[in-house]
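Worth knowing before you read on, the calculation uses all heavy atoms, side chains too, and leaves out hydrogens, waters and symmetry mates. Residue numbers start from 1 in every chain, and the chains themselves are labelled A, B, ... in the order their sequence lines are given, proteins ahead of strands.
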Amino acid sequence: MDLATRYSHAEVEARWYEHWERSGYFRSVPDEREPFTIVIPPPNVTGVLHMGHMLNNSIQDILIRKARLDGKNACWVPGTDHASIATEAKVVRWLRDEKKLRKADLTREQFLEYAYQWKEKYGGIILQQLRRLGASCDWTRTAFTMDKGYYEDCISVFVDLYRKGKLYRGLRMVNWDPEAKTVLSNEEVIYQTETSQLYHIKYPLVDQKAADSVTSGIVIATQRPETIFADVAIAVNPKDPRYQHLIGKSVRIPLINRHIPVIADEYVDMEFGTGALKITPAHDPNDYEIGQRHQLPIIDILTDDAKLNERCEYPPLIGLDRFEARKRMRGLLEAEGYLVKLEDYTTNIGRSERTHAVVEPKLSLQWFVRMSELGAPALKAVLNREVRFYPENFQNLYRNWMENLRDWCISRQLWWGQRIPAWYLRSEPLNEETHIFVATSAEEALEQARQVTENPQLTLDDLRQDEDVLDTWASSWLWPISVFDGFRKPNGEIRYYYPTSVLVTGWDIIFFWVARMIMAGYEFRGQKPFEAVYFTGMVRDKQRRKMSKSLGNSPDALKLLDDYGADGVRYGLMSSAAAGNDILFDEKLCENGRNFCNKLWNALRLIKSWHVVELPEEESIQCRNALAVEWMRAKFSQVLQSIEADFANFRLSEALLTLYSFIWGDFCSWYLEIIKPGFEKPIDRATYEATLDLFGELMVALHPFMPFITEEIWHRLRERAPGQDCIVQRYPKPSAFDPILVEQIETAKALVTRLREVRNEYHIKPREALSVWVEDSPSSRALFSRNGLAELVCKLAVLSRLERCDAEPAGTKSFLSGTEKYFVEIHQQVDYEAERAKVKQELEYQRGFLKSIEAKLANERFISSAPAAVVENERKKRADALARIQILEETLAKLPA
RNA sequence: GGGCGCAUAGCUCAGUCGGUUCAGAGCACCUGCCUUACAAGCAGGGGGUCGUAGGUUCGAAUCCUUCUGCGCCCA
């Protein structure tokens, strides 16, 4: 076989993915095996693959592939989220740019038709891209939150919650996005510190004479001077001595001269601004509360797109955008002498997560889910670890939120989404409806209406359906149930797949999504939606910024896959991704992954270049190789044990790094070097076959992490029958092994390293064979009685002889390795001065070490409190130290002065 | 204002139950090698008072408290 010295991933990856998919390996149907289920966090249908997706989906794929190799029925359900607000914004832009259409000119039906067109054409690209990464999803199950069945589930859940009294329509202060013209949930508002200006504005007292009206009055501080037209009072703290005399009096609003009262309210912070607060119930949540307490009117001066309306009573500003109006207010107030002071000010401004528009508090009639009852079981489930979080400390974040739940606003003023199944009587004015009919269909609603109104003559034309759609999260919270058709067929396959095994998601959507899925699980299924949640960190750049498209700091995911291969990228992401910790992404990590692929590839090339004969030429080679094979088997078992433990605790990066260092270090650097035949020499069949088997098992063990190259090598190692693919093998199991053997080989490795060091020190050529002796002792006899061990050392350290001796042979230099003393033949001049210094230094260290051990052992409380094994270990350490000290002392004594 | 978290080598981070010669990995750095699988490589090496000050313990990077410096979430 002729193989290139470098592994090239491009052709290999495409070929194997296609083969796996065609072979049906990703497909899952319920059977008698134990299920292992993951539902993908559905990416937005508008999404394109970015670093976060790659991390998240690599983890899911690793877990799914591992489960498959463990013989479980692995089922990974893919799909996309309709992402109402994000997608609607995209469709609106597309219509404007491509079709020269404005949303306002379309009917709801026309718009939705275009939206589906857009979705068919551009949506779901990301699912194709996930294949490049190697994601072994069951594509036949691909779901979408706007699929017909899914849509119906959302509607029936709405009706169900309404009937149970867990859903209501109410007038509340909500977050309004004036650009998207929709309400937002609290979680969709992002607060950022921004600089603005604080206007100090004087409101003149009403009973003052016109002449000095501007000089006396009350000064308030506001960031939003344009909202003074919506003011209904000025509030001061009742304890504030500065304003006692004004409480109960009236002031005039500048420019429009409307009279408003001065009231007292505890809420007012005497320290802030001037200690006097303008009350604008329509445009501030706190003011709204105060207004309610004092039964003040509400004056809403803004339109849905945040322009001043006629209710502001000041014609020059009507129709202007709020920010434009604010700008003009400065000149207007100044001109009339109302502006007392202007100061710079930093504050938290809330912006829409999607449109980045400054969010406007707005009083609005919306649908809310009552969270108190839904939250209780969901909180309990996490606290008592029925649903386990990895890492566990996300419990704290979760609890903090769950204990302060506020009702969830689930209506959105959009068209792209599940339309709210509530009907009103056309005879009642908009937003003042007294009758609400919630039903799964218009006909059902009509039936209700006829009964309630006792008017059998009502027709569908007398009803009007709510114009709003559901918040996207009010559909995706049903994901783990709905993708298995759990609402319509509660006893179907969902009984097999649910609860799912693990959810893998970023911690940033713990409230948006994770918490709500847990609530939905208990509410609609009486059961948790998943056994465990694996929280991934955020992928950040080297400056710790979250990677985002708007910052342009995210590497092109597809280019990374092109450059390093999916295996390389997966390695790079995983090697630095302990659960929950943010990762600072560096392309260098992918380079490591690519290099690892190349290493594997070259190990294959080496093995495939060997000529095989039935028996080795010499017996010494046979026992050396046999020892190497035995050692590899033992060490591999040890490694597998630790990997199983890592998987059980979702310590995936640990598992990967363990495998990496076992393969690169133990397998390539040590094992292959031990068994590698000399130039143009053959290898014996037994060793060869054992090596192929071992390499194959290593590929299965590594497969979940790096699926493509492992499949490729698996097939190149041996001829495989159809269906004998790496992806469907059984994961290797650890077996009992001899820990003493593993330890002895470690001792031998340390000796080889020490000998190489000596070589470096004396500039001895790597191929120049050396003669070495080991001082006779019970421990050295024990070590070298291991069959093949001396041969192994000779091969790796390039020795011509390794023999026992009683006395120091002439012309040698001695050194210590482990607790043994060795002599190596040296023809070069030895610098005895330096040698003495080194030995002395080592001796000093060993004596200090011994002293600390002895102090420990002399302590009775240590002997009595520490576990026996720990005490025993200390005794062994003492014995070893004593042995070493003795050898070092002898060495020092014999060194020429 | 309320809450959570972090601080370990030049950089990025592991370190599970408090106990091994346990202070580790990768990158970077230094020395020597184009050795017959791999220079995307091989062999070797230097480098950290585990942020600070206390405490608990026979024993602390690990548990508790203080301070300092960062980060995040909620309001």
Exercise. Looking at side-chain heavy atoms only, is the closest gap between A/Glu680 and A/His611 below 4.5 Å?
Worked result: no

Exercise. Taking the side chain as C-beta and beyond, is there a heavy-atom pair between A/Trp670 and A/Ile745 under 4.5 Å?
Worked result: no

Measuring from atom [atom1] of [X] to atom [atom2] of [Y], what distance do you get when rounded to the nearest 0.5 angstrom?
{"X": "A/Ile683", "Y": "A/Tyr688", "atom1": "CD1", "atom2": "OH", "value": "8.5 Å"}
{"X": "A/Leu698", "Y": "A/Ile663", "atom1": "CG", "atom2": "CD1", "value": "5.0 Å"}
{"X": "A/Arg351", "Y": "A/Asn175", "atom1": "CZ", "atom2": "CG", "value": "14.5 Å"}

For this session: Answer yes or no for A/Arg6 and A/Trp601: cation-pi contact, defined as NZ/CZ to six-membered ring centre under 6.0 Å and angle to ring axis within 45°.
Result: no

For [X] and [N], is the shortest distance between a side-chain N/O and OP1 or OP2 below 4.0 Å?
{"X": "A/Trp664", "N": "B/A25", "result": "no"}
{"X": "A/Ser609", "N": "B/U36", "result": "no"}
{"X": "A/Asn595", "N": "B/G41", "result": "yes"}
{"X": "A/Lys765", "N": "B/G32", "result": "no"}
{"X": "A/Arg767", "N": "B/U35", "result": "no"}
{"X": "A/Lys876", "N": "B/U20", "result": "no"}
{"X": "A/Arg406", "N": "B/A75", "result": "yes"}

Of the nucleotides [options], which has the atom closest to the [X] side chain?
{"X": "A/Ser669", "options": "B/A43, B/G19, B/A37", "result": "B/A43"}
{"X": "A/Glu757", "options": "B/G19, B/C73, B/G45", "result": "B/G45"}
{"X": "A/Lys599", "options": "B/C38, B/G15, B/G19", "result": "B/C38"}
{"X": "A/Cys668", "options": "B/C58, B/A37, B/G5", "result": "B/A37"}
{"X": "A/Asn760", "options": "B/G5, B/C73, B/A43", "result": "B/A43"}
{"X": "A/Arg605", "options": "B/U36, B/A37, B/C58", "result": "B/A37"}
{"X": "A/Asn592", "options": "B/G5, B/C27, B/G45", "result": "B/C27"}
{"X": "A/Arg651", "options": "B/C38, B/G15, B/C72", "result": "B/G15"}

For [X], which contact category applies under a 4.0 Å heavy-atom criterion: base, sugar-phosphate, or nothing?
{"X": "A/Lys676", "result": "base"}
{"X": "A/Ser661", "result": "nothing"}
{"X": "A/Cys597", "result": "nothing"}
{"X": "A/Glu860", "result": "nothing"}
{"X": "A/Glu403", "result": "nothing"}

Exercise. Of A/Ser865 and A/Leu606, whose closest RNA chain B nucleotide lies nearer the 5' terminus?
Worked result: A/Leu606

Exercise. Taking for each residue the nucleotide of RNA chain B with the nearest heavy atom, is it A/Asn602 or A/Leu589 whose nucleotide lies nearer the 5' end?
Worked result: A/Leu589

Quick one: [X] [atom1] to [N] [atom2], roughly how many Å, whole number?
{"X": "A/Tyr762", "N": "B/G45", "atom1": "OH", "atom2": "P", "result": "15 Å"}
{"X": "A/Tyr398", "N": "B/C72", "atom1": "OH", "atom2": "P", "result": "25 Å"}
{"X": "A/Asp508", "N": "B/C4", "atom1": "CG", "atom2": "C1'", "result": "16 Å"}
{"X": "A/Met538", "N": "B/C6", "atom1": "CE", "atom2": "P", "result": "17 Å"}
{"X": "A/Phe394", "N": "B/G3", "atom1": "CZ", "atom2": "P", "result": "19 Å"}

Exercise. Should A/Tyr564 and A/Glu587 be marked as a side-chain hydrogen bond (donor to acceptor under 3.5 Å, both in side chains) after you check the CA-CA gap, both sets of side-chain angles, and the distance that decides it?
Worked result: CA-CA 9 Å; A/Tyr564 301 103; A/Glu587 255 186 64; 2.9 Å; yes

For this session: If B/G71 has a Watson-Crick or G-U wobble mate with both distances under 3.5 Å, name it; if not, just say none.
Result: B/C4

Problem set entry | Complementary nucleotide of B/C50, counting Watson-Crick and G-U pairs under 3.5 Å | none

Problem set entry | Nearest-angstrom distance, P atom, B/U62 to B/A53 | 13 Å

Problem set entry | Integer angstrom distance from the C1' of B/C13 to that of B/C30 | 23 Å

Problem set entry | A/Thr747, A/Ile674, A/Leu751 screened by side chain to side chain contact (heavy atoms under 4.5 Å, CB included) with A/Val793, the one that passes | A/Leu751

Any donor-acceptor pair under 3.5 Å joining the side chain of [X] to the base of [N]?
{"X": "A/Arg756", "N": "B/A43", "answer": "no"}
{"X": "A/Glu673", "N": "B/A43", "answer": "no"}
{"X": "A/Lys588", "N": "B/C27", "answer": "no"}

